[in-house]
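First up is the structure itself, then whatever we jot down about it.
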Amino acid sequence: MEYLPELSDQSSLASTSKILCCQCGTLIEPNVANLCIPCVRSKVDITEGIPKQATISFCKGCERYLQPPGQWVKAALESRELLGLCLKKLKGLNKVRLVDAGFIWTEAHSKRIKVKLTVQAEVMGGAVLQQIFTVEYTTMGQMCEDCHRVEAKDYWKSLVQVRQKSDHKKTLYYLEQLILKYRAHKNTSGVKTRHDGLDFYYGNEQNSRKMVDFLTQMLPCRYQHSKKLISHDTHSNTFNYKFTYSVEIVPICKDSVVCLPKALAHQLGGIGQICVAFRVTNSVHIIDPNTSQVAEITSNMFWRDSFGALCSCRNLTEFIVMEVEQIRKKAKFSGQGTISSKHIPADVYVVKQNAMGDPPIHCRSHLGHLLSPGDTVLGFDMRNTNVNDPNFDKMNPETVPDVVLVKKIYTDQKQKRRWQLRHFLPKTDTDSVNKDYEDFLQDLEEDPAYREGVNIYRDSKRLGTGGEETEDEGDRPRISLEEMLDDLTLSDAERDEDYVDIDDDEEEN
């Protein structure tokens, strides 16, 4: 007896029924085209209008890719940004449906980028065909407009003017070493030295703004901003400006004698008005010679109650120490600021080096831990100096010291130096500049905290001839070999790359 299948069985039979391909006769499941997949692929190529090879432009200077028509974008290898840039280069991709896309690994130096694409499209009356293919991109070198302007060395759109109203260049030498250590000049298109500062040229305002932020973090300074209209397109309503940042560093250098305003001295914990600047970093560090009290003056505090230097390190006089009496018991009062533990106040009797027959001069100094009879020190003779300062004129003459000692002099400090520094500014061989640079090197040796922002390199020539440091060099401050980096070796080409100059006649462009 035969039975008719149930409805569910009929549907299952219909679903499992197969037909022959009308092209090759292969048994296949029914579809709209009545063709097998190989026959459909042999008749239809959905990737026919999509190129299998393309080129992309890459700038070696800034490591950016060109996104047509004229935008340069930053993208790492095998990143989503680079994949999107590659897909935008393909014409005809909008006629198919993109299912998947990914990179195929290639050698980094091959200048080839391979992308594997999976696309779908409807063919022959609604049948959906999926196909996988590979597109190979060739990386072509092309310099962007910004790098063209940098290489031309005659174009700038933003200028940073760094100025310091001081007759000494210690702070500018320190700034040069900070810039080298943190590579803050990598986006600079040109550097020009001035008699009272530096000029940094940039191709856009963003890089100059980064330099201004770097300066405000590293040195006590303030800045002003201005812009000048160069051209104006009335049709597109676009403006072309040149921007200028004027940065002013505080006019106080290391080893300068200053006279604080009375209100500021009271605000700093009752410190004396006559102080010595023993360090200038992101703030001005001062010390009172009478009590060894220290304080920090930030940029905002200085410009709120500004003051000048009574004497810079160029105008100091040499004195011979005759007698030293250290003061171990330090007087304290309520509200007093921080007392330095590295300095010891002492009563010192000195005479001028060129007037040894005169009676000794008594003064109070913070260098009691360094001085001994017979030493040579640099000081400011306030008795025989005409000081023109409004804060100094308001002081009681009885509280003004006769001599303010600033620093101790060490003999043969230059000949025994076994280290060197790197520079990106041109060297000027004059007596005053050489003296300022030598004073800066001595400050690095004497102050470990001051040289934390400086990369110091070993001098292989001096180390090879002089050997290691010996113990017969006395109490002269020196930098240990552990603090020095490897020997600095630069070719002439590398030295030329560190310094980029702009001619004076090109600055007007």
Side-chain angles (χ1 to χ4, degrees), residues 163-168 170-171 174 196-197 215-216 218-224 246-317 330-340 343 345 363-367 378-407:
R163 298 291 184 266
Q164 185 184 29
K165 299 178 181 179
S166 175
D167 58 351
H168 206 282
K170 283 186 179 181
T171 308
Y174 180 67
D196 56 349
L215 294 174
T216 54
M218 295 299 174
L219 293 174
C221 57
R222 63 179 179 180
Y223 69 93
Q224 294 179 351
S246 178
V247 182
E248 182 182 0
I249 306 175
V250 296
I252 305 297
C253 291
K254 190 177 183 300
D255 299 333
S256 297
V257 181
V258 299
C259 181
L260 304 178
K262 190 173 183 180
L264 181 60
H266 179 73
Q267 181 182 353
L268 297 175
I271 194 172
Q273 290 186 252
I274 303 296
C275 296
V276 177
F278 67 94
R279 189 184 303 133
V280 178
T281 53
N282 57 351
S283 59
V284 181
H285 301 257
I286 59 174
I287 185 170
D288 187 358
N290 294 325
T291 60
S292 296
Q293 180 180 342
V294 294
E296 294 185 11
I297 302 177
T298 61
S299 178
N300 294 333
M301 296 172 60
F302 178 85
W303 298 116
R304 191 185 307 118
D305 298 316
S306 60
F307 55 89
L310 300 181
C311 175
S312 65
C313 53
R314 282 188 179 180
N315 303 324
L316 297 179
T317 308
K330 301 179 181 180
K332 297 183 179 181
F333 55 87
S334 177
Q336 188 178 15
T338 305
I339 303 297
S340 175
H343 301 82
C363 62
R364 183 71 62 88
S365 175
H366 61 286
L367 303 176
L378 290 176
F380 180 38
D381 187 4
M382 305 190 70
R383 299 184 307 170
N384 304 321
T385 304
N386 185 14
V387 179
N388 185 13
D389 187 84
N391 298 320
F392 182 80
D393 296 338
K394 297 177 183 179
M395 290 184 60
N396 187 2
E398 297 180 357
T399 60
V400 177
D402 295 335
V403 176
V404 178
L405 301 183
V406 176
K407 62 183 298 185

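Numbers for residues simply follow the sequence, beginning at 1. Just so it is clear, the structure is predicted and the values come from calculations on it, not from any experiment.
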Q164 side chain to V250 main-chain N or O, any donor-acceptor pair under 3.5 Å?
-> yes
Over 12 foreign heavy atoms within 6.0 Å of CZ, F392 = yes
Looking only at atom types and distance, does a side-chain atom of S365 sit under 3.5 Å from a main-chain N or O of L367, one as donor and one as acceptor?
-> yes
Does S312 offer a backbone N or O that forms a donor-acceptor pair with the side chain of S256 under 3.5 Å?
-> no
Min side-chain heavy-atom separation P289-H366 under 4.5 Å | yes
Can you check whether L405 reaches C363 side chain to side chain, under 4.5 Å on heavy atoms?
-> yes
Mind checking the CG-NE2 spacing from D255 to H168? Nearest 0.5 Å is all I need.
-> 8.0 Å
Heavy-atom nearest pair, L268 first then E296, reads CD2-O, 4.0 Å
Say you draw a straight line from CD1 of I287 to CD1 of I339; how long is it, rounded to the nearest 0.5 Å?
-> 9.0 Å
On a heavy-atom basis, the closest approach of T298 and S283 is CA-CB, 4.1 Å
Is there a side-chain contact between N315 and D167, using heavy atoms and a 4.5 Å cut-off?
-> yes
Side-chain donor or acceptor of Q293 paired with backbone N/O of G269 under 3.5 Å = yes
Within 6.0 Å of CG in N388, more than 12 heavy atoms from elsewhere = no
Rounded to the nearest 0.5 Å, how far apart are CE of M382 and CG of D402?
-> 9.5 Å
Heavy-atom nearest pair, C221 first then S299, reads O-OG, 2.8 Å
Value for CD1 (I297) from NE2 (H285), rounded to nearest 0.5 Å, stands at 10.0 Å
In short, K254 meets V280 closest at the heavy-atom pair N-CG2, 3.9 Å
Heavy-atom side-chain contact between C259 and M395 under 4.5 Å = yes
With distance as the sole criterion, is a donor-acceptor pair present between the side chains of T399 and N396 under 3.5 Å?
-> no
Stepwise side chain to side chain donor-acceptor pair (under 3.5 Å) check, T317 with D381 = CA-CA 7 Å; T317 308; D381 187 4; 5.9 Å; no
Looking only at heavy atoms, the pair that brings I252 and A277 closest together is CG2-CB, 3.9 Å
Roughly how far, to the nearest 0.5 Å, is OG1 of T338 from CD of Q336?
-> 9.0 Å
Looking only at heavy atoms, which two atoms of I271 and V294 are closest? And how far apart?
-> CD1-C, 4.5 Å
Considering only NZ, NE, NH1 and NH2 on the basic side and carboxylate oxygens on the acidic side, decide whether E248 and R163 come within less than 4.0 Å.
-> no
Does the side chain of F380 reach to within under 4.5 Å of the side chain of V276, using non-hydrogen atoms?
-> no
Would you mind listing every ring-ring contact (aromatic ring centres under 6.0 Å, His included) that reaches into residues 286-305, with sequence neighbours excluded?
-> F302-F307
How long is the span from the CG atom in L260 to the CD1 atom in I274, to the nearest 0.5 Å?
-> 8.0 Å
